[in-house]
Amino acid sequence: MRIAMIGGGYVGLVSGACFAEFGVDVAVVEVDPTRLAALREGRMPIYEPGLEDLVKSNVAAGRLTFGADIAEAMNGAEAVFIAVGTPTRRGDGHADLSYVYAAAEQVARAMTGYAVIVTKSTVPVGTGRRIAEIVSATRPDLEFDVASNPEFLREGNAIGDFMKPDRVVIGATSERARATMQRLYAPIAATEAPILFTGIETAELTKYAGNAFLAMKVTFINEMADLCERTGADVLEVARGIGLDARIGARFLQPGPGFGGSCFPKDTLALVRIAQEAGAPSRLVETVVAVNDARKSGMAARIITLCGGAIRGKTIAILGLTFKPETDDMRDSPAIPIVARLAEDGAHVRVYDPEGMDAARPLLPPSISYCRDAHDAAKDADALVLITEWNQFRALSPTRLATEMKGRTLIDLRNVYDPAAMRQAGFTYHGIGRP
Ligand code: NAD
Ligand code: UDX
C-alpha cells in the first residue's frame, strides 16, 4: 500500500513514520524548505522521543521518503492525508483553514486516479464537505472520496499514542473509502484498538469534543486547586479521591499553570466559534477558555506576590519553558506570559529548558538569560520557579540548590517536589493547591 502525507510537522511526520513502520510506503510532502532539508539529511525538525530512530530505519528500508512535489508523492497513492496546521485565525478565534484548502487544491491538481483524501488535521465540522467541493471544482473529472481521520496523539508520547491508540476514528461515507482506511489501519486493529467508523461530520466533531473535554478536566482541577489553597485541602489527594471513581478517571487531573500547547488552546477556541455559528453555543467550553486564559495570564502575578510583591532587580530562575515535557513545542506555553511579565516588572530572568530554548527565543523578551542547565539557572537566584515538569528537574538536590541560590523561594507550578524535603532544606515552598 502507498500513501501520501501532506505536511511533515508533529502529526504528519509522526503518523507518516508510524504508517511506514507498519509496512506502508509513505511519501511525506513538506513545503517548508528548512524542514524538508533537515528531514532529507536525517535531522529531526522537532524533538519527539524515539522519532529519529523510527524515521531513520524506515527511510533506510525505503518505505519513507520526503519531498516537495505533491504529484510525485501522489503517484500510485491510495490515500492522501492532509496533516497541515490549522492555527487560530487572527481576530476571530476560528480555525484558519487556508493551509488545508490550499493543500486540497494542490492534491486535486496532482491526482491521476482514485484516492481517498483524508483530513488528519483538526478541522471544523463541514470542512470535509468543503474539501470535496474544492476538489470537484478543481478537477471535475476526478473520482475520489473524502474521509476524516482525526489524530489523538499527544506530543512527547506521540509514537506510543499513534501505534497503541485508545481508539481510531474514521469518518467516511463510501464503502470504498472505508475499505481503504480499514486496510491501512489493519495493524492497529490487530492490537484490539477499536476502529470507529462514523460519518464525516461526527469524526470532525469528535476530535474537538475530545480535546475540549480533556481541557475542561484540567481546568476543573485547576479551580479545585485554587479552592484547596483557600481551605487547607490538598488538591493531589482530592484528585486521587475523585480519580479513583471509574466514572471520572485519574488522568488529566494534575493541576498546573493552565493548559497550553498546539491543540487545547486553539481547539477549545475553535469549538466555541463552531458552536456559536451552529446556534448551539457551549457555555461550558466558553468558560474553560476564559478561565484558562485568566489562569495563564495571572500566574505571573501569583509568582510576584510569592516573591514579596516587587521583583525589580531580583533574579528569578525558571525551569522549563515548553508547554509540557518531552517536546520542544512552545506554542501557547504558559511560560510565555509568565516570563514576559517577570521581565517587564524588572526581574533578571534566568531560564533553562532541555529542548525548548531555540523555539523559545523568538517568543520571549530579549533581556532573558538562557542557561546551561538547572543549576546554572539557579545561580544567585532569589526565587526558583518550576514551570514544566521535565524528568531531569525532579531529582534536583534541595541542599545543592540552597548553596547555589541567593534566596529561598521555590515555586513549583507542577507539584513535583516534596514540600517537607524542600522546607527542611530551608526553602519557602509553594506548590499548587497544597497546604
Ligand atoms: P505543524 O505546524 O507542526 O506541521 C504542519 C506542517 O505542514 C508544517 O511543517 C508546514 O510547513 C506543512 N505544510 C503546510 N502546508 C503545506 C502544503 N500545502 N504542502 C506541504 N506541507 C505543508 O502542525 P502539527 O502540530 O503537526 O498539526 C497539524 C494538524 O494536526 C493541526 O490541525 C493540529 O490541530 C492537528 N493535531 C496536532 C497534534 C499535535 O500534538 N501537534 C495532535 C493532534 C492533531
Ligand atoms: C493534546 C491531547 O491530549 C491530544 O489527544 C491531542 O491529539 C493533542 O492535544 P498535547 O497538547 O500534546 O495533546 O498534550 P497534553 O498532554 O494533552 O497536555 C496539554 C496541556 O494540558 C499541557 O499544557 C499540559 O501541561 C496540560 N495538562 C495536562 C495539565 O495541566 N494537567 C493534566 O493533568 C494534563
Side-chain angles (χ1 to χ4, degrees), residues 4-16 28-36 38-39 45-46 48 66-70 73 80-88 95-107 110 119-124 127 149-158 161-162 165-166 207-208 210-215 217-222 225 239 243 249-268 270 292 295-296 320 322-335 387-389 413-415 432:
M5 184 70 65
I6 314 298
Y10 285 86
V11 164
L13 183 54
V14 170
S15 36
V28 175
V29 182
E30 176 50 61
V31 76
D32 177 339
T34 316
R35 257 189 185 184
L36 179 59
L39 288 168
I46 57 170
E48 180 63 42
F66 301 103
D69 186 346
I70 292 194
V80 50
F81 285 77
I82 297 179
V84 302
T86 48
T88 301
D96 178 352
L97 293 172
S98 56
Y99 302 102
V100 170
Y101 293 149
E105 210 176 303
Q106 289 158 5
V107 165
T119 46
K120 197 121 197 76
S121 299
T122 302
V123 292
T127 305
N149 173 217
E151 182 49 58
F152 297 97
L153 63 78
R154 283 162 304 167
E155 291 181 15
N157 200 33
D161 282 350
F162 188 93
D166 289 343
K207 174 65 197 177
Y208 282 102
N211 270 358
F213 192 87
L214 292 169
K217 216 174 161 188
V218 172
T219 303
F220 178 81
I221 204 66
N222 283 340
R251 295 165 76 191
F252 279 70
L253 284 179
Q254 282 168 26
F259 62 75
S262 66
C263 292
F264 283 2
K266 82 169 171 63
D267 291 346
T268 45
N292 193 62
R295 186 170 188 84
K296 278 161 74 178
T322 51
F323 78 98
K324 64 184 285 189
E326 300 300 335
T327 180
D328 59 351
D329 203 336
M330 281 295 296
R331 285 178 280 186
D332 274 318
S333 172
I387 297 184
T388 319
E389 69 279 32
L413 300 185
R414 301 286 185 169
N415 289 333
I432 295 275

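Since the structure is predicted, the reported quantities are computational estimates derived from the model, not experimental observations. Counting starts at 1 for both ligands and their atoms, following the listed order.
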Discussion item. Tell me whether Lys296 contacts the main-chain N or O of Asp332 through its side chain, where contact means a donor paired with an acceptor under 3.5 Å.
Written reply: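 Yes, Lys296 side chain to Asp332 backbone: donor-acceptor pair under 3.5 Å.
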Could you find the nearest protein heavy atom to [atom] and give me its residue, atom name and distance?
atom	answer
atom 5 (O) of ligand 2	Phe152 O, 2.8 Å
atom 43 (C) of ligand 1	Glu151 O, 3.1 Å
atom 21 (N) of ligand 1	Val31 N, 3.3 Å
atom 4 (O) of ligand 1	Gly9 CA, 3.2 Å
atom 18 (N) of ligand 1	Gln106 OE1, 3.0 Å
atom 39 (C) of ligand 1	Glu155 OE2, 3.5 Å
atom 25 (O) of ligand 1	Arg331 NH2, 2.9 Å
atom 14 (O) of ligand 2	Lys324 NZ, 3.1 Å
atom 11 (O) of ligand 1	Glu30 OE2, 2.5 Å
atom 12 (O) of ligand 2	Glu155 N, 2.7 Å

Using heavy atoms and a 4.0 Å limit, tell me yes or no: is [X] in contact with ligand 2?
X	answer
Lys217	no
Gly261	no
Glu389	no

Worksheet item: Backbone, side chain, both or neither: what part of Lys266 comes under 4.0 angstrom of ligand 1, heavy atoms only?
Response: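 Side chain only.
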Discussion item. Heavy atoms only, cut-off 4.0 Å: how does Ala83 contact ligand 1, side chain, backbone, both, or neither?
Written reply: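 It is the backbone that touches ligand 1; the side chain stays farther off.
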Worksheet item: If you measure only the distance, is there a donor-acceptor pair under 3.5 Å linking the side chains of Ser15 and Glu151?
Response: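 No, Glu151 and Ser15 have no side-chain donor paired with an acceptor closer than 3.5 Å.
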Practice prompt. Have a look at Val11, Thr86, Val84 and point out the one with the heavy atom closest to atom 29 (C) of ligand 1.
Written response: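 The residue whose heavy atom sits nearest atom 29 (C) of ligand 1 is Val84.
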